Each structure stands twice: as structure tokens, then as C-alpha cells.
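Have a look at the structure below before the remarks.
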Amino acid sequence: MAIGERIRFFRNLCGMTQKYLGQVVGFPEKTADIRMAQYESGSRTPKTDLTNKLAEVFDISPQALTVPDIDSYNGLMHTLFTLEDLYGLKITELDGEVCLHLDKGMGTNYITMFEMFSAWKKQAEKYKNGAITKEEYDYWRYNYPKI
């Protein structure tokens with residue numbers, strides 16, 4: 001999810017209009033909604049100081065807006081939170097293990113993700129069972145979905 005989509009997601013979650021949010025972060029009343037629309041549409045990308053101000057207004061970490069950033073543990077966590085928001089990825093425990101699973105209540109998102117995860121699981125099992133090599137498994141992963 002791009003930063004603009006995240007801004008819109010959190011703005012809607014907080015029940016704010018674009019104009020109101022724009023004014024709260026310091027844009028003039030006349031252009032506040034236009035500026036926020038530009039950020040939400042992706043035609044403009046907020047600089048770090050604006051991202052920090054938006055995060056402050058939403059009472060969230062700036063990393064929750066700037067996902068995906070999987071180069072750090074915190075960035076990975078916020079990426080997973082985004083996947084929860086978008087695709088219904090849930091965290092649970094099964095037999096003492098922490099597990100991620102798909103939420104069946106997500107309709108077509110569930111069906112699509114289930115098919116993709118099933119294909120991944122099939123290839124991972126082939127690798128685990130020695131039916132394919134690490135190179136073949138990596139080739140599949142790095143060329144997905146072409147294969």
C-alpha cells in the first residue's frame with residue numbers, strides 16, 4: 001500500500017475529511033483539501049516532516065505510513081500490519097507456534113490470497129521434501145507469477 005493509500009486509510013479511520021486533515025497539518029484552508037488529495041492520489045509524496053506531522057495527528061508511528069520497509073524489524077512489522085488491513089492477514093497461535101493465516105471473511109481477497117499461498121506452500125513443500133533444489137525453489141519465487 002503506497003503512502004497515499006495509507007494516509008487515506010488512517011484519515012477515514014479517524015473520520016476526518018481531507019480539508020480538515022490538511023488544515024490540522026498546517027495547510028491554508030483554501031487549499032487544504034486539494035493538497036491532501038494530491039498526497040492521497042500519489043501525485044505528490046510527503047516529505048519526512050509532513051509524514052511525521054500526519055503520524056502525530058493520527059497518533060501512529062510514522063512507519064505505519066511509510067510501509068513497506070522490510071529492511072528493519074519495525075518496518076517489517078508495519079508491513080505485516082498493512083497486510084492485515086488490506087488482505088485480512090491474521091496472527092494466531094497453533095500448537096504453541098505463532099502463525100499467520102488468511103481471514104476467510106475477506107471474500108475475493110481471501111480466495112485470491114489462498115490460491116497464491118497454496119502455490120507457494122506447494123513449492124516450499126517440494127523444496128523441503130527434496131523434489132526440487134534450492135535454486136529451483138528460488139527461481140520459482142523470484143519469477144512468480146510468470147511460472
Side-chain angles (χ1 to χ4, degrees), residues 1-22 24-25 27 32-48 50-147:
M1 185 184 276
I3 191 168
E5 294 174 79
R6 296 298 291 168
I7 292 168
R8 183 181 326 107
F9 174 82
F10 285 110
R11 180 179 58 77
N12 289 331
L13 190 65
C14 294
M16 298 177 181
T17 64
Q18 286 178 329
K19 186 173 212 66
Y20 177 78
L21 178 58
V24 170
V25 297
F27 297 131
D33 54 339
I34 295 166
R35 291 290 298 273
M36 290 314 304
Q38 291 172 333
Y39 291 115
E40 288 184 13
S41 71
S43 63
R44 294 184 75 155
T45 302
K47 293 189 180 348
T48 303
L50 179 57
T51 300
N52 291 340
K53 180 67 176 169
L54 287 164
E56 183 181 313
V57 169
F58 295 140
D59 194 26
I60 60 173
S61 165
Q63 289 178 307
L65 291 173
T66 58
V67 293
D69 168 19
I70 60 170
D71 293 333
S72 69
Y73 291 122
N74 288 336
L76 176 60
M77 287 300 294
H78 284 283
T79 300
L80 293 171
F81 299 152
T82 300
L83 294 174
E84 179 180 30
D85 295 338
L86 286 176
Y87 301 108
L89 191 66
K90 300 293 180 196
I91 188 162
T92 56
E93 187 175 318
L94 179 65
D95 298 328
E97 295 282 333
V98 175
C99 300
L100 296 173
H101 71 92
L102 299 170
D103 180 357
K104 289 182 180 178
M106 293 296 288
T108 57
N109 277 345
Y110 170 77
I111 293 167
T112 301
M113 294 304 298
F114 179 82
E115 291 170 355
M116 293 173 149
F117 277 30
S118 294
W120 182 14
K121 181 177 169 277
K122 181 180 177 182
Q123 295 302 314
E125 285 176 349
K126 282 183 180 179
Y127 171 58
K128 180 182 175 188
N129 296 331
I132 61 174
T133 66
K134 173 74 167 133
E135 291 77 20
E136 290 169 315
Y137 177 62
D138 286 345
Y139 183 82
W140 180 86
R141 291 187 310 140
Y142 302 140
N143 287 283
Y144 181 87
K146 289 194 276 185
I147 296 175

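Everything numeric in this text was worked out from a predicted model, so none of it was measured. The first residue in the sequence is number 1, and the count goes up from there.
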When rounded to the nearest 0.5 angstrom, what is the spacing between [atom1] in [X] and [atom2] in [Y]?
X     : Y     : atom1 : atom2 : result
Leu54 : Thr66 : CG    : OG1   : 11.5 Å
Ile60 : Leu65 : CD1   : CG    : 4.0 Å
Ile91 : Leu83 : CD1   : CG    : 12.0 Å
Phe58 : Met16 : CZ    : CE    : 6.0 Å
Lys19 : Asp33 : NZ    : CG    : 4.0 Å
Thr79 : Leu89 : OG1   : CG    : 11.5 Å

Looking at Ala55 and Ser61, what are the two nearest heavy atoms and their distance?
->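 Nearest pair, atom of Ala55 first, then Ser61: CB-C, 3.9 Å.
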Taking only residues two or more places apart in sequence, or in another chain, which ones meet Lys121 in a salt bridge (Lys or Arg N to Asp or Glu O under 4.0 Å)?
->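 Lys121: salt bridge (Lys or Arg N to Asp or Glu O under 4.0 Å) contacts with Glu125.
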Contacts of Glu56 that satisfy salt bridge (Lys or Arg N to Asp or Glu O under 4.0 Å) - sequence neighbours left out |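 Salt bridge (Lys or Arg N to Asp or Glu O under 4.0 Å) check on Glu56 returns Lys53.
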Check residues 92-106 and write down every donor-acceptor pair under 3.5 Å in which the side-chain atom is one partner and the other belongs to a residue at least two apart or another chain.
residue	atom	partner	partner atom	Å
Asp103	OD1	Gly105	N	2.8

Taking atom CG of Asn12 as the centre, does the number of heavy atoms from other residues, nucleotides or ligands within less than 6.0 Å exceed 12?
->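 Counting neighbours around CG of Asn12, more than 12 heavy atoms of other residues, nucleotides or ligands fall under 6.0 Å, so yes.
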For Lys128, look at atom NZ and say whether over 12 heavy atoms of other residues, nucleotides or ligands are found less than 6.0 Å away.
->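 Atom NZ in Lys128 is not crowded, with 12 or fewer foreign heavy atoms closer than 6.0 Å.
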Between Met77 and Phe81, is any pair of side-chain heavy atoms under 4.5 Å apart?
->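 Yes, side chains in contact.
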Note, Ile7 side chain near Pro46 side chain (heavy atom, < 4.5 Å) |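 In contact.
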Results of ring pair (Phe, Tyr, Trp, His ring centres under 6.0 Å) for Tyr20 - residues two or more places apart only |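 With sequence neighbours excluded, Tyr20 shows a ring pair (Phe, Tyr, Trp, His ring centres under 6.0 Å) to no residue whatsoever.
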For Tyr87, which residues count as a ring pair (Phe, Tyr, Trp, His ring centres under 6.0 Å) partner, sequence neighbours excluded?
->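 For Tyr87 there are no ring pair (Phe, Tyr, Trp, His ring centres under 6.0 Å) partners, ignoring immediate neighbours.
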Is Arg11 salt-bridged to Glu40, going by a charged N under 4.0 Å from an acidic O?
->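 Salt bridge between Arg11 and Glu40, a charged N being under 4.0 Å from a carboxylate O: yes.
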Tell me, with the steps shown, if Tyr39 and Leu50 meet side chain to side chain contact (heavy atoms under 4.5 Å, CB included).
-> CA-CA 10 Å; Tyr39 291 115; Leu50 179 57; 3.5 Å; yes
Please identify each residue that fulfils side chain to side chain contact (heavy atoms under 4.5 Å, CB included) with Leu13, with sequence neighbours left out.
->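 Listed in chain order: Phe9, Phe10.
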Can you list the steps and then say if Arg6 with Asp85 is a side chain to side chain contact (heavy atoms under 4.5 Å, CB included)?
-> CA-CA 10 Å; Arg6 296 298 291 168; Asp85 295 338; 3.0 Å; yes
Say whether, by atom type as modelled, one donor and one acceptor occur between the side chain of Gln123 and the main chain of Trp120 under 3.5 angstrom.
->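 No, because the side chain of Gln123 does not come within donor-acceptor range (under 3.5 Å) of the backbone of Trp120.
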